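All remarks here apply to the structure that follows.
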Amino acid sequence: MTEFLTAVQAAQRLGVKPATLYAYVSRGVLRRDRAADGRASLFDSEEVERLARRGRPRRPAGVADITVESAITEITGDRLRYRGLDAIRLATSRTFEDVAELLWTGEFPAPAQTQAPWHATPAALAAGRAAQAGLPAGTLPLERFQVIVPAMAATDPLRLQLDPAAVVAAARSIIAGLVDCLPPAASDYPISGSPGADYPIADRLWPRLCERRASPALRRALSAALVLLADHELAASTLAARAAASVRADPYAVVATGLGAVGGALHGGASLGAEAMLAAAAGPDDVPRVVGELLRRGEKVPGFGHFVYRAGDPRAVLLLDLVRRAAPKSGQLAVAEAVLSEVRRKSLPEPNIDFAIATLARVAGMVRGSGEAVFAVARTAGWIAHALEAYTGPGPLRPRAVYIGRPAASDP
């Protein structure tokens with residue numbers, strides 16, 4: 001019969017701090033089991049003993065481990081779970097609003113709450129719309145978000161009220177404001193004609209990103225994308241947002257921090273590169289040229305491979321399937337399928353969610369940068385969920401650096 005050690009016992013046997021113990025888990029060095037209560041961690045005593053005899057595993061150069069205990073999202077193998085529930089199933093069975101509430105509170109909203117509108121105050125909408133209206137034509141949606149949030153924050157004198165109920169209320173307002181402050185994609189489409197606060201976020205986001213009316217199937221694909229992107233453990237933007245929350249930054253500042261990181265080319269901004277690649281191909285037959293030129297320049301094909309999912313991103317599998325069913329005869333889908341074929345012919349990694357969201361954007365005819373905009377709106381739910389945990393945590397999230405500069409000098 002297997003004997004188990006608690007986290008404290010395992011850390012003591014290995015002579016490491018608990019944070020290092022969990023870093024071993026995240027790196028696949030050590031396996032963790034759950035106690036009967038579903039919360040406490042248990043470790044196989046024989047596995048711990050073998051690791052203790054081998055000594056501490058060496059970390060590859062340039063790799064840093066920051067491990068935080070969280071009850072929000074679990075990634076194991078090719079499975080993604082929110083609060084213990086399969087995120088892939090949630091994407092086709094629950095609304096984005098339902099999943100956001102699950103991430104924030106651990107429970108789905110009651111039926112009466114499900115119908116409650118998500119809205120920003122008139123003052124917040126006026127400030128956010130005015131702030132983004134001053135930006136040049138052609139400014140990407142994500143860049144508009146980055147000025148909308150601080151403008152809305154200035155209208156909320158109670159934004160430093162950090163009890164859970166107040167933070168959740170602010171989260172609903174922030175997400176609604178992000179969407180409702182964006183200008184319509186069609187220049188002749190009046191804001192007054194947009195879906196109001198009694199409509200789901202997916203319905204309100206669509207006319208901000210696309211001039212064409214959404215088919216029911218494409219609208220479902222957008223809704224699923226919002227759910228699939230709502231959280232992904234400690235991705236770069238979430239780590240940044242959580243660090244801000246750990247020093248008690250208000251929810252608007254937390255979201256602004258996340259928005260600053262999410263557009264990076266190795267994060268949510270990867271979908272922009274995938275959009276550009278798809279747009280560069282005149283048709284399916286032109287795809288080998290486009291992919292070949294990327295590779296000749298020494299660039300990676302955007303939207304393929306993932307740091308966590310080695311065998312393929314399950315979020316991409318679902319979203320691409322939804323897009324195929326929604327628009328099977330789309331010329332843009334044919335281009336995307338040709339990219340998939342070319343990449344697989346070259347034995348390159350499988351597509352990730354960035355490629356899938358870029359495919360949705362191109363098939364739907366959305367404005368440039370829509371993929372990262374969908375990513376940011378969705379991930380705001382996750383940033384707030386992590387902020388809620390951090391607000392009740394022990395204090396600042398403060399990693400330490402390993403100094404590798406010049407040695408100490410005796411003279412200045």
Side-chain angles (χ1 to χ4, degrees), residues 78 88 91-92 138 140-142 185-186 206 209-226 228-229 265-306 309-375:
D78 61 350
I88 307 304
T92 56
L140 297 177
L142 178 61
W206 185 278
L209 301 179
C210 189
E211 296 183 6
R212 302 200 296 255
R213 187 179 297 275
S215 68
L218 281 174
R219 186 261 174 212
R220 284 194 294 273
L222 176 59
S223 178
L226 289 170
L228 293 169
L229 287 163
L266 300 182
H267 193 16
S271 65
L272 184 61
E275 285 180 36
M277 174 182 64
L278 294 172
D285 293 341
D286 194 34
V287 162
R289 176 191 66 81
V290 172
V291 173
E293 287 183 355
L294 283 171
L295 297 176
R296 277 194 294 275
R297 292 195 299 267
E299 299 176 21
K300 291 184 177 180
V301 181
F304 287 82
H306 198 281
Y309 304 112
R310 299 302 186 185
D313 187 339
R315 302 169 299 170
V317 172
L318 174 62
L319 186 54
L320 287 171
D321 182 58
L322 291 173
V323 174
R324 290 182 182 110
R325 284 188 272 169
K329 298 181 180 180
S330 165
Q332 288 299 314
L333 177 62
V335 170
E337 297 285 17
V339 171
L340 289 169
S341 297
E342 184 68 10
V343 167
R344 285 168 178 157
R345 188 178 69 81
K346 296 180 182 298
S347 299
L348 297 176
E350 289 296 302
N352 58 36
I353 190 65
D354 301 305
F355 180 80
I357 196 66
T359 300
L360 170 60
R362 293 293 299 170
V363 169
M366 293 179 179
V367 300
R368 178 171 170 265
S370 289
E372 60 183 5
V374 174
F375 195 118

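If you're wondering where the values come from, they're calculated on a predicted model, not measured in any experiment.
- A donor-acceptor pair is defined here as one N or O able to donate and one able to accept, closer than 3.5 Å; no such pair exists between the side chain of Arg368 and the backbone of Leu140.
- Using a 4.5 Å heavy-atom threshold, the side chains of Arg325 and Arg220 count as separate.
- Nearest heavy-atom pair, Ile357 versus Ser271, reported as atom, atom and distance to 0.1 Å: CG2-CB, 3.5 Å.
- The line from CG of Leu319 to CG of Leu229 is 8.0 Å long, rounded to the nearest 0.5 Å.
- Within a 6.0 Å radius of CZ in Arg213, other residues, nucleotides and ligands contribute 12 heavy atoms or fewer.
- Classified by interplanar angle (parallel below 30°, tilted 30° to 60°, perpendicular above 60°), the ring pair Phe304/Phe355 is tilted.
- When each of Val301, Val287, Val290 is paired with Glu342, the side-chain contact (heavy atoms from CB on, under 4.5 Å) condition holds for Val287 and for no other.
- The OG1 atom of Thr359 sits 7.0 Å away from atom CG of Leu340, with the distance rounded to the nearest 0.5 Å.
- The 12-atom threshold is exceeded at CZ of Arg324, counting heavy atoms of other residues, nucleotides or ligands nearer than 6.0 Å.
- More than 12 non-hydrogen atoms from other residues, nucleotides or ligands lie less than 6.0 angstrom from CG of Leu295.
- Within the 4.5 Å cutoff, side-chain heavy atoms of Glu350 are placed close to those of Arg344.
- Two residues are said to be in side-chain contact when any heavy atoms from C-beta on lie closer than 4.5 Å; Leu218 and Leu360 meet this criterion.
- Here the CG atom belonging to Leu294 is positioned 9.5 Å from the CZ atom belonging to Arg289, to the nearest 0.5 angstrom.
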Between Ile88 and Val317, is the side chain to side chain contact (heavy atoms under 4.5 Å, CB included) condition met? List the steps. CA-CA 10 Å; Ile88 307 304; Val317 172; over 6 Å; no

